[in-house]
Number of protein chains: 2
Amino acid sequence: MNEKNDVNTKDALLAAAIGVIADKGFDAATVRDICGRAGANVAAVNYHFGGKDALYVAVLREVFPKGEYNGSASSSAPPRERLHAFLSNLASEIYERGNGLVAQRWAIFLREMAKPSPNLDFIVRRQVQPRADELRDIIVSILGPDTPEQVLAFASSNIWALALDHLLTQSILDRLSPQRPTVHGNMEDFVNHLVTFSLGGLHAVKGSS
Amino acid sequence: MNEKNDVNTKDALLAAAIGVIADKGFDAATVRDICGRAGANVAAVNYHFGGKDALYVAVLREVFPKGEYNGSASSSAPPRERLHAFLSNLASEIYERGNGLVAQRWAIFLREMAKPSPNLDFIVRRQVQPRADELRDIIVSILGPDTPEQVLAFASSNIWALALDHLLTQSILDRLSPQRPTVHGNMEDFVNHLVTFSLGGLHAVKGSS
DNA sequence: CAGATATTCAAACAAGCGTTTAAAAAGAGC
DNA sequence: GCTCTTTTTAAACGCTTGTTTGAATATCTG
């Protein structure tokens, strides 16, 4: 059967694939590169996973585990605190340094967002849906239950955009103002700014509807 | 020399390349596809441009012409009006329907943002810089000249993120809430919402600094 | 018209891709 | 220790990519 070296090779392939795909994206990642990093033969991917596409699916199941996200704060907490917990949690994940699994998760998510594959549905279900549900709940608790659907949709998009911001525009900002203050060194400032800006925007929208 | 058929073929190649690259991105675009659409031979790209990379440079020079952007509103107008003009102009460009040059411009910009090439510097200089300068000026006129640099940088990023939002997250939103109200049909609502939300956020940030 | 130049074309090239093959190596069960 | 199954391996396959080639065609020049 399969016990010792099998598991090692298969796991090594999976780990290598996560790294390469997070770095270069699925299209640019080559089977030879992945097998090279895993110390395995070129044919290993096909033997253990059945092909490059199937390996990608296995990678996504590993990187986006089911039912991992459980919310940022108690739903009974005051709205401002809930929003702060939500944004703080999101920001610390997105802007985390290093090559940990969380960073790779958002890197893969970003690439799928820019160039969707059939697997984006899966990623959205695992990664975005629970957070989006929570955010919507927080917004309703701020704007009130009678908020028009369109305002709710716009506001949700707005706060998502604010949180994802640097993830998406980092390449631009590097070229636009290379000496700008980094987010990493001012994470607390950044999150507080986000909360203040978001709440200001939400209240303004609430008053005008 | 080159007068009739040369110009025709060269222009046809350029037009075809713009379309294909805006659709699929530079990497996924093949010279055979481009030449096919242009009704030219496979060797035409190398003959007229010297290679695929050089063709891409020519495409970018065509799509991002120099000195095209002249600002959205008079700098003497009231801040709210300037911000409205700025966001309205940006939104109408980004969310414009059809395959016009403006739509292709933002499509190429999005792909470069997600996967930067050495040419992103050029695009930023032509496409982003003038708008970013104007936006910064508008924000200063709202927050005041003594605003800390960090707040200014954060606020600029925030409003850029709000404007680019749907361009970046459209693929997500399609999967998250397929029946959401479209932006295209409510452009005026959307822009007004953006202005209100942004001003609310800015004033909140101003008060807390 | 002739001759030089510019352009098009079918074909081939080298390199890289994911995948397949068949034999060698390693391990499991008795 | 021997047999059967699982895993690894080097080599090759078929395909697509961007690019090159050299001959054929078109265009311009004097």
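Per chain, numbering begins at 1; letters A, B, ... match sequence-line order. For clarity, every value in this text was computed on a predicted model and none was experimentally measured.
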> Could you list the residues that satisfy salt bridge (charged side-chain N to carboxylate O under 4.0 Å, His left out) with A/Arg80, not counting sequence neighbours?
none
> Using distance alone, with no hydrogens and no angle criterion, decide if A/Gln129 and A/Asp133 have a side-chain donor and acceptor under 3.5 Å apart.
yes
> May I ask you to verify if any side-chain N or O of A/Thr9 is less than 4.0 angstrom from the OP1 or OP2 atom of D/dT7?
no
> Using C1' atoms of five pairs at each end, report the bend of the helix from C/dC1-D/dG30 to C/dC30-D/dG1 rounded to 10 degrees.
10°
> A/Phe49 CZ to D/dT8 P: how many Å, rounded?
11 Å
> Can you name the residues that form a ring-ring contact (aromatic ring centres under 6.0 Å, His included) with A/Trp106, not counting sequence neighbours?
A/Phe109
> Atom CG of A/Asn8 and atom P of D/dT6: how far apart are they, to the nearest Å?
18 Å
> Check residues 191-202 of chain B and write down every donor-acceptor pair under 3.5 Å in which the side-chain atom is one partner and the other belongs to a residue at least two apart or another chain.
| residue | atom | partner | partner atom | Å |
| --- | --- | --- | --- | --- |
| B/Asn192 | OD1 | B/His84 | NE2 | 3.2 |
| B/Asn192 | ND2 | B/Glu188 | O | 3.2 |
| B/His193 | NE2 | A/Asn158 | ND2 | 2.5 |
| B/Thr196 | OG1 | B/Asn192 | O | 2.9 |
| B/Ser198 | OG | B/Leu194 | O | 2.7 |

> Is the NZ or CZ atom of A/Arg131 positioned over A/Tyr69's six-membered ring, under 6.0 angstrom from the centre and within 45° of the axis?
yes
> Please check if the distance between the ring centroids of B/Phe64 and B/Phe122 is under 6.0 Å.
no
> Which pairs of donor and acceptor atoms, one on a side chain in residues 51-60 of chain B, lie under 3.5 Å apart (sequence neighbours left out)?
| residue | atom | partner | partner atom | Å |
| --- | --- | --- | --- | --- |
| B/Lys52 | NZ | B/Phe26 | O | 3.0 |
| B/Lys52 | NZ | B/Ala29 | O | 2.8 |
| B/Tyr56 | OH | B/Glu112 | OE2 | 2.6 |

> Between B/His48 and C/dT8, is there a side-chain N or O to OP1/OP2 distance below 4.0 Å?
yes
> With the sugar-phosphate defined as primed atoms, P, OP1 and OP2, and the base as all remaining atoms, what B/S/- string results for nucleotides 12-22 of chain C, 5' to 3', for protein heavy atoms under 4.0 Å?
B----BBBBB-
> Could you give the OH-to-C1' distance, from A/Tyr47 to D/dA10, as a whole number of Å?
17 Å
> Quick one: does any side-chain atom of A/Ser177 pair with a main-chain N or O of A/Gln179 as donor and acceptor, under 3.5 Å?
no
